[in-house]
K.L.:
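Take a look at the following structure, please.
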Protein chains: 2
Amino acid sequence: MNDILGSWKRTHYCGDLNASHIGEQVCLMGWVQRRRDHGGLIFIDLRDRTGIVQLALDPDRDPEAHAKADKVRNEWVVAALGKVSPRPEGTVNPKMKTGEVEIEVSELRILNRAETPPFMLDEYTEVAENLRLKYRYLDLRRPAVQNCLMLRHKVTRTVRNYLDENGFLDIETPVLTKSTPEGARDYLVPSRVNPGTFYALPQSPQIFKQLLMVSGFDRYAQIVKCFRDEDLRADRQPEFTQIDCEMSFVDRDDVMAIMEGMIARVFSECIGVEVPLPMPRMTYAEALDRYGVDNPDLRFGLELVDLTEIVRGCGFKVFADVAGKGGLVKAIRVPGGASFSRKELDDLTAFVAIYGAKGLAWVKMTDDGWQSPIAKFFQPDELKAIEQALQAEKGDLLLFVADTAAIANEALGRLRQHLGQKLGLAKKDDFRFVWITDFPLFEWDEEEKRYVAVHHPFTAPMDEDIPLLDSDPGRARAKAYDLVLNGSEIGGGSIRIHDQSIQQRMFELLGIGEEEARAKFGFLLDALKYGAPPHGGIAFGLDRLTMILAGTDSIRDVIAFPKTQKATCLLSEAPGPVDEAQLRELGIRLAARAKKSD
Amino acid sequence: MNDILGSWKRTHYCGDLNASHIGEQVCLMGWVQRRRDHGGLIFIDLRDRTGIVQLALDPDRDPEAHAKADKVRNEWVVAALGKVSPRPEGTVNPKMKTGEVEIEVSELRILNRAETPPFMLDEYTEVAENLRLKYRYLDLRRPAVQNCLMLRHKVTRTVRNYLDENGFLDIETPVLTKSTPEGARDYLVPSRVNPGTFYALPQSPQIFKQLLMVSGFDRYAQIVKCFRDEDLRADRQPEFTQIDCEMSFVDRDDVMAIMEGMIARVFSECIGVEVPLPMPRMTYAEALDRYGVDNPDLRFGLELVDLTEIVRGCGFKVFADVAGKGGLVKAIRVPGGASFSRKELDDLTAFVAIYGAKGLAWVKMTDDGWQSPIAKFFQPDELKAIEQALQAEKGDLLLFVADTAAIANEALGRLRQHLGQKLGLAKKDDFRFVWITDFPLFEWDEEEKRYVAVHHPFTAPMDEDIPLLDSDPGRARAKAYDLVLNGSEIGGGSIRIHDQSIQQRMFELLGIGEEEARAKFGFLLDALKYGAPPHGGIAFGLDRLTMILAGTDSIRDVIAFPKTQKATCLLSEAPGPVDEAQLRELGIRLAARAKKSD
């Protein structure tokens, strides 16, 4: 039988004690991190969420407490009464926050016993992730993991305070709702009251937050769970959390200004990093030109250089052909890359192949000029022009991709990011923000032979591009903006369409028929009829933002109870089978295929 | 074509303007509440979420703006540039916050037109609720409804700040999870990746918050959506919001003290009401004895008086029989109730019949003594004893129920609440809190012939009642507590079982077999093995709390997008039909019955 807590009240957290408390009587409670015997004395490292303090149990001072302490094992839960004392000379531990003191325990209670955990809890043990997730409640005892969640708490608090100070109202939107048109697959919830019908879990509160603007709430914000039933990549979760905001009577600049203020506050308050404001901005076109991607990592250079004009008509047929057929020939210069081995160059070639590039030409700048399989195809003035365009110097490696614009940009853009990591140019404590703006409104879908929305169908075109909706939709730019940090998109949003006739034109251009539009967004179209203000907003991915702030590489580190890439919870074993009776009530049955797997 | 916002920036909210701004140039944006012509001038009442201000358009000052103003109709969205001016003598409106000023408009933009709304938006229009819910975005324009949601924002902000100051960590728990055992029906979500299996939406994060305590987070709090697929009563919603908290190393007093501090802060900051602390406490037994219910409304007296001993063996056979058979005879005294009409007395009799009472005896205290159909059955000393017990005075009405303890208490308890309302004793701005404690741990279920948990199976017994688990479980009391405000339970919680052997004993007593316990709560049982601290918590219903703070009678007033009692959203028309293909992917089919209704 365990001791009861009874009337004992904790007076301090373990990690808060220091020399200023010497002489005080304290009552501490926590977990046994370690127990050791030392010349008849017993020392217990007692842990709580704030840290560790040392308990000292002397059999002469209190034989009963000492006898109890003799029984305790790692991870047992104990409470101790005692006096804060200086540690004896020579035993001070300067590495510990509480290393100057120990607690001379006068009374000890064993509040709970613990079996030996399935893995060691010290920070340095490498444990298979599946085992950690199955025993997540033990994994969460590790200070490194606890710190991630405490940081997340700070982030949400900072965000909420900032948004409140700026007049945003925290308004909850429904979780049991209707399918939204974000493109991904919905999670469905069968209705019992209306059998044969389904709710959908929201992929975002997009329409509801627009309706709140129509209602005149003016500024809305919510930290809100969203859901996507997609095949998961490593950094995705089926349920994820967004910082979701919407504002009325604003244009792009207003949203970007207030939101970069929020992010700067988060970085300052949560990790002590001051972000210079305003954040730089770059058009989508410039990002693609200089970095090949719309989420450029600005911590390092290695910019893409367009050589298409230079190589047009050159002696190297591969380049000349691509240039002639409307493709791009682009290159990056890797300072010092001339020392790359043949193996390293082969790996880079394999890397760009992932993104569809048919080849990667390389040039090493040596004392003897170009060392390269392609050197022989160029005239001296062509060599010179290329070197000048790239500002090439001795010791550099030049890497070239010639392909369609899309492939050349993506392949070289990704290669650039890859090299940034490989060469150690992307420092974790360097934070480079950039707003990407002026996205195209539409993308042409070759397979379906129709336009699709680059963001979503409610994104407003630039005022000056509205005429293009009729004349040349592919050239219309959107009032959309993404915030990119170190190569990751951490947030994105847009000014929305508030004019019903433009919204209807958008649906037409997207090939969404009147009936389909009515069925899916009828209530939004109605709302736009009754006086919608100009409005826009943004959503940030809280999980990813926290991950970057925490400097960790896994999104699962910043989520208390994450799911695996198979969307299962190893702890609770969700999803699980349910009773036939439950399904009957819902008016659904398992298909034969599903039953088999049961 | 509407005007564009262009580079205009709003400078002020409408409702914030007053005499101190006179002479300033302002840019306002909002909705046209009303437009009227007055001797060539046009006046527009411009509305935003802060209130209304008057725009004045003079054709001589700016003919173009005046011409535009001539076109605008109610609910159009406009932006105005102008100068804040004092209203001309005699036109000051002291009822309006902004009644001393008007805006001399120099430029006007029409940002959006509006069709005539399907109902008037002024506060006094009574509109059918179904129509309001269908056009919720218009309904939400009404200041009364907006104020409810702004109040809710304040409540959540106050709660979060208080909890943060007190060391609670905001930690998100999963929405896609496993069936929890709260007794109500779960909403299910079919899994596509694992066909034939289902997630459940949480009825509460109960187990997860307990696991967070096992992990050592010490204090957890979350404002979180919960879900119950129940047939809805008027004040229930399928998704509702809880203020959910859990603390480690605490007993009942600690939880109650910190939580009543939170509630007091909410009342003070959100509606300026100071709640005296500590809040009164009352045992469950006392509440039933004095008020007949465990959620007593303490705004008024009308307490129940137990007359069982007095009437035992009296001449009135109905009373004597009930007393003899172990039932209760209880009564309440209604001061001044002697004036109730026959009709009113009949209504009260019908009222108690709802709760199973076979009759309601009454006595009017008149100048001539008892006026009552039952007066003749009593001896003078019996009359006197009853009068004394009830402290009856001339003009009073005495109401008696004789029945089983359960029926007598509930019928008279509900009657008491009914009379409190009827007699105007329950004032909306009087807030009387009471903690109800010492609940029984179990209830005996006559139908199933077994014990069921009064709260949930993780509720700890009182330390001194642990031996009763073996000897007399029905008498064991729980470390549970409800916070009751004006007759509504606004929160409830308990100290949890942290000892695995007691948890297993609980499951046995509740008839939950080892296999079932393993399947349902295996991971909690495991967690208790590895060093769980003593812990406990509470959850408050945010919707109901806000409803009481707002002084409104409908829970739908404090939810932005509520559902009907049929669990539908009239705005988005959720739930709705889905494609066969979607169901196929999920491995489910509609049962014939459901298909028919499609």
Side-chain angles (χ1 to χ4, degrees), chain A residues 4-5 10 29 49 75 77 112 114-115 137 140-141 153 156 164 169-171 174-178 187 189 191-193 195-199 211 214-216 218 225 229 239 249 463 523 527 529-534 560-561 566-567 571-572 574-576 578 587-591 594 597-598, chain B residues 4-5 10 29 49 75 77 112 114-115 137 140-141 153 156-157 169-171 174-178 187 189 191-193 195-199 211 214-216 218 225 229 239 249 463 523 527 529-534 560-561 566-567 571-572 574-576 578 587-591 594 597-598:
Chain A
I4 62 165
L5 185 61
R10 176 171 52 186
M29 303 183 186
R49 79 178 194 200
E75 300 307 316
V77 185
N112 216 345
E115 290 186 10
Y137 46 87
L140 287 173
R141 283 190 189 162
H153 166 81
T156 59
D164 176 60
L169 297 170
D170 188 335
I171 300 178
V175 176
L176 293 170
T177 179
K178 213 185 171 185
Y187 278 104
V189 182
S191 161
R192 178 182 55 85
V193 183
T197 65
F198 293 79
Y199 304 96
L211 293 178
V214 174
S215 296
D218 205 77
K225 278 274 175 77
D229 185 9
E239 55 181 289
F249 300 112
D463 293 337
F523 59 111
K529 283 197 294 205
Y530 292 112
F561 301 102
K566 297 214 129 191
L571 171 66
S572 65
V578 298
I588 60 174
R589 289 162 32 189
L590 297 188
S597 79
D598 194 9
Chain B
I4 62 164
L5 185 60
R10 176 169 55 186
M29 303 184 185
R49 79 178 194 201
E75 300 307 317
V77 184
N112 216 344
E115 292 187 6
Y137 46 87
L140 286 173
R141 283 190 188 162
H153 165 81
T156 59
R157 178 183 64 192
L169 296 170
D170 189 334
I171 301 177
V175 176
L176 294 170
T177 180
K178 214 185 170 185
Y187 278 105
V189 181
S191 160
R192 178 182 54 86
V193 183
T197 64
F198 293 80
Y199 304 96
L211 292 178
V214 174
S215 296
D218 206 78
K225 277 275 176 77
D229 185 10
E239 55 182 290
F249 300 110
D463 294 336
F523 58 112
K529 282 197 294 205
Y530 291 112
F561 301 103
K566 298 212 132 195
L571 170 66
S572 65
V578 298
I588 60 175
R589 288 162 31 191
L590 297 188
S597 80
D598 194 11

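Hydrogens, waters and symmetry mates are skipped; everything else that's a heavy atom, side chains included, is used. Note on naming: letters A, B, ... go to the chains in the order of the sequence lines (proteins, then strands), and numbering restarts at 1 for each one.
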K.L.:
For Val214(A), is there any backbone N or O sitting under 3.5 Å from a side-chain donor or acceptor partner on Arg141(B)?
P.N.:
yes

K.L.:
What's the separation between atom CG in Asp229(A) and atom CZ in Arg192(B), rounded to the nearest 0.5 Å?
P.N.:
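If I round to the nearest 0.5 Å, the distance is 4.0 Å.
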
K.L.:
Do Pro575(B) and Phe198(A) have side chains that get closer than 4.5 Å, going by heavy atoms?
P.N.:
no

K.L.:
Looking at every non-hydrogen atom in both residues, tell me the closest pair between Lys178(A) and Ala574(B) and how far apart they are.
P.N.:
N-CB, 3.8 Å

K.L.:
Mark yes when over 12 heavy atoms from residues, nucleotides or ligands other than Lys566(A) sit less than 6.0 Å from its NZ; otherwise mark no.
P.N.:
no

K.L.:
Under 4.5 Å from any heavy atom of chain A, what part of Asp463(B) do you find: side chain, backbone, both or neither?
P.N.:
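The answer is the side chain of Asp463(B).
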
K.L.:
Leu176(B) versus chain A, heavy atoms under 4.5 Å apart: side chain, backbone, both or neither?
P.N.:
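Contact with chain A involves both backbone and side-chain atoms of Leu176(B).
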
K.L.:
Please flag which part of Lys225(B) lies under 4.5 Å from any non-hydrogen atom of chain A: side chain, backbone, both or neither.
P.N.:
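The answer is the side chain of Lys225(B).
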
K.L.:
Just give me the residue among Pro533(B), Ala532(B), Gly576(B), Ala567(B) that pairs up with chain A most often, heavy atom to heavy atom, under 4.5 Å.
P.N.:
Gly576(B)

K.L.:
Sort Ser572(B) into side chain, backbone, both or neither according to what part of it lies under 4.5 angstrom from a heavy atom of chain A.
P.N.:
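Ser572(B) touches chain A through backbone and side-chain heavy atoms alike.
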
K.L.:
Heavy-atom pairs under 4.5 Å with chain B - which of Ser191(A), Gly531(A), Pro534(A), Ala560(A) has more of them than the others?
P.N.:
Gly531(A)

K.L.:
With a 4.5 angstrom heavy-atom cut-off, which part of Leu5(A) approaches chain B: side chain, backbone, both or neither?
P.N.:
side chain

K.L.:
Calculate, to the nearest 0.5 Å, the distance between atoms CZ and OG1 belonging to Phe561(B) and Thr177(A) respectively.
P.N.:
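Answer for the CZ-OG1 pair, Phe561(B) versus Thr177(A), is 9.5 Å.
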
K.L.:
Between Thr156(B), Val175(B), Val77(B), Val189(B), who has the most heavy-atom pairs with chain A when the cutoff is under 4.5 Å?
P.N.:
Val175(B)

K.L.:
Does any backbone or side-chain atom of Leu169(B) lie under 4.5 Å from a heavy atom of chain A? Answer side chain, backbone, both or neither.
P.N.:
both

K.L.:
Given that the side chain runs from C-beta out, which part of Val193(B) has a heavy atom under 4.5 Å from chain A: side chain, backbone, both or neither?
P.N.:
side chain

